[in-house]
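Just so you know, ligand 1 is whichever comes first in the structure, and atom 1 is the first atom listed for that ligand. In this chain, numbering begins with 1 at the start of the sequence shown. Keep in mind that this is a model prediction, so the values were computed, not measured.
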Amino acid sequence: MNNPESQNQFVPKQAIAPTPELYDELVIDCMEKLAAATVSHLTPFPNGAKIHDNGCGTGAATAAIMSFISPAAKISINGTDINSRAIEIYKRQAAEKHWPATAVPMDSTALSYASELFTHSIGNALLFVLPNDGVDAVKEVYRTLKPGGIAALNSWAYQPNMEPIQVAAQSTRPAGTPLPRQGMDKWLQAEFLQSVVEKGGFERQKIKMVQSEVFVELGDLNRYATMLWSFIGGTSAVGWLESDEQKWEEAITVVKKELKKSQGTRLLDGGKMQLRFVANIAIATK
Ligand SMILES: C[S@@+](CC[C@H](N)C(=O)[O-])C[C@H]1O[C@@H](n2cnc3c(N)ncnc32)[C@H](O)[C@@H]1O
């Protein structure tokens, strides 16, 4: 679920397991807001729209789509994700919330769908977790869209919670230790997302690029910092270090301190903290 770069099996005893449940608690409503911002750049879904929620996780993009459509709209949604546990949670939500949706485990880089099946495909916070920068997955998106079909894909242009993790890693690990999510910087540029979508088969002049802000309110800061360090702290090319267990509290303290001083955070009335994210969004027509 958290895309580790190493096979190292050691995990500090304080780390919370990176389950879909932890992911949901950690992202709060950030993924749904990112999906809502993305979907808001689409024209309304017509009756009969057949939508692929690609790398659906537990269903944030489907939830955003359902808030966007009129109650009478007749659409269908196919969720797919490589994580079977996330698919189970998606299916439970779909049943509880009466989504017109089904979900199955499937690899985005090798979809088992027929070509020209979908009118829309949304990949919310997906491409940057995939191999080959998501190009193989975009090729599959292109193949499975009908002519004139629309893909909505995004990446982060700014994430206020990445630097605190990297500063915590730098200040609690030996110099030169690879940093978690070190290779992510290229995704900050809208041009990089656009080039991936183009390499996947979409014509450049049919790719509209936009940016949107997403604001998220944190609950308990200590819990948030612990979840963040647990989820991402051990994902570098070397994984967790044995010393991370002794330095656990030190790392959490650094994460909290850096979050507080980040330019993307704001203290709200009542003492709660708000994080500001910025998304790059590509709306591409086949
Ligand atoms: C950052 S999460 C976003 C999930 C969801 N779209 C959302 O908005 O909450 C990335 C998702 O991609 C899934 N994933 C990773 N590699 C995948 C692959 N090869 N094929 C399909 N899904 C994949 C993960 O399991 C995870 O659910």
Q: Taking C-beta and beyond as the side chain, do Met209 and Ile281 meet within less than 4.5 Å on heavy atoms?
A: no
Q: If the plane angle is over 60° it's perpendicular, under 30° parallel, otherwise tilted; pick one for Phe231 and Tyr23.
A: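 Rings of Phe231 and Tyr23: tilted, as their planes differ by 30° to 60°.
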Q: Got the closest protein heavy atom to atom 4 (C) of ligand 1, with its distance?
A: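 Ranking protein heavy atoms by distance from atom 4 (C) of ligand 1, first comes Gly55 O, 3.4 Å.
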Q: Looking at ligand 1, does Ala35 have a heavy atom less than 4.0 Å from it?
A: no
Q: Which residue and non-hydrogen atom of the protein lie closest to atom 3 (C) of ligand 1, and at what distance in Å?
A: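 So the nearest neighbour among protein heavy atoms is Tyr23 OH, 3.3 Å.
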Q: Quick check on salt bridge (Lys or Arg N to Asp or Glu O under 4.0 Å): which of Lys260, Lys261, Lys256 does Glu258 satisfy it with?
A: Lys261
Q: Answer yes or no: is there a side-chain heavy-atom contact under 4.5 Å between Glu198 and Val196?
A: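 Side-chain contact under 4.5 Å: no.
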Q: Please write down residue, atom name and distance for the protein heavy atom closest to atom 24 (C) of ligand 1.
A: Asp81 OD1, 3.5 Å
Q: In this structure, does ligand 1 have an atom that sits under 4.0 Å from one of the heavy atoms of Phe128?
A: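 Distance cut 4.0 Å: Phe128 fails for ligand 1.
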Q: Would you mind running through ligand 1 and noting each atom that sits below 4.0 Å from a heavy atom of Leu126?
A: 12 (O)
Q: Would Met106 count as a contact of ligand 1 if the rule is a heavy atom under 4.0 Å away?
A: yes
Q: Which residue pairs satisfy the side chain to side chain donor-acceptor pair (under 3.5 Å) criterion with at least one member in residues 144-154, sequence neighbours excluded?
A: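 Passing the test, one end in residues 144-154: Thr38-Asn154, Asn124-Asn154.
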Q: If the cut-off is 4.0 Å to any non-hydrogen atom of Ala125, which atoms of ligand 1 fall inside it?
A: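 In order of number, 1 (C), 2 (S), 3 (C), 10 (C).
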Q: Below 4.0 angstrom from a heavy atom of Asn83, which ligand 1 atoms are there? Numbered from 1 as shown, please.
A: 25 (O)
Q: With atoms numbered from 1 as shown, which atoms in ligand 1 lie under 4.0 angstrom from a non-hydrogen atom of Ala60?
A: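 Matching atoms, with element in brackets: 7 (C), 8 (O), 9 (O).
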Q: Counting heavy atoms only, which part of Cys56 comes closer than 4.0 Å to ligand 1: side chain, backbone, both or neither?
A: backbone
Q: Compare Leu130, Thr38, Ile87 and give the one whose heavy atom is closest to atom 18 (C) of ligand 1.
A: Leu130
Q: Could you tell me, atom by atom, which parts of ligand 1 come under 4.0 Å of a heavy atom of Asp107?
A: 18 (C), 19 (N), 20 (N)
Q: Between Arg85 and Thr19, is there a side-chain donor-acceptor contact under 3.5 Å, judged purely by atom types and distance?
A: no
Q: Consider ligand 1: state whether an atom of it lies below 4.0 angstrom from any non-hydrogen atom of Val129.
A: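 Right, Val129 reaches ligand 1.
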Q: Classify the ring geometry of Phe202 against Tyr142: parallel below 30°, tilted from 30° to 60°, perpendicular beyond 60°.
A: perpendicular
Q: Any heavy-atom pair between the side chains of Met162 and Arg181 that's under 4.5 Å?
A: yes
Q: Strictly under 6.0 Å, is that where the ring centroids of Phe277 and Phe215 end up?
A: no
Q: Should one rank Asn124, Ile82, Thr62, Leu127 by closest heavy-atom distance to atom 14 (N) of ligand 1, which comes out on top?
A: Ile82
Q: Is there a donor-acceptor pair under 3.5 Å between the side chain of Lys286 and the backbone N or O of Leu145?
A: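 At least one qualifying donor-acceptor pair exists.
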Q: Can you confirm, on distance only, whether ligand 1 has an N/O atom lying under 3.5 Å from any N/O atom belonging to Asn54?
A: no
Q: Under 4.0 Å from a heavy atom of Ser108: which atoms of ligand 1 are those, numbered in the order shown and with their elements?
A: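 Under 4.0 Å from Ser108, ligand 1 has these atoms: 18 (C), 20 (N), 21 (C), 22 (N).
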Q: Do the side chain of Gln93 and the main chain of Thr58 share a donor and acceptor less than 3.5 angstrom apart?
A: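 The answer is yes, because a donor-acceptor pair under 3.5 Å joins these two groups.
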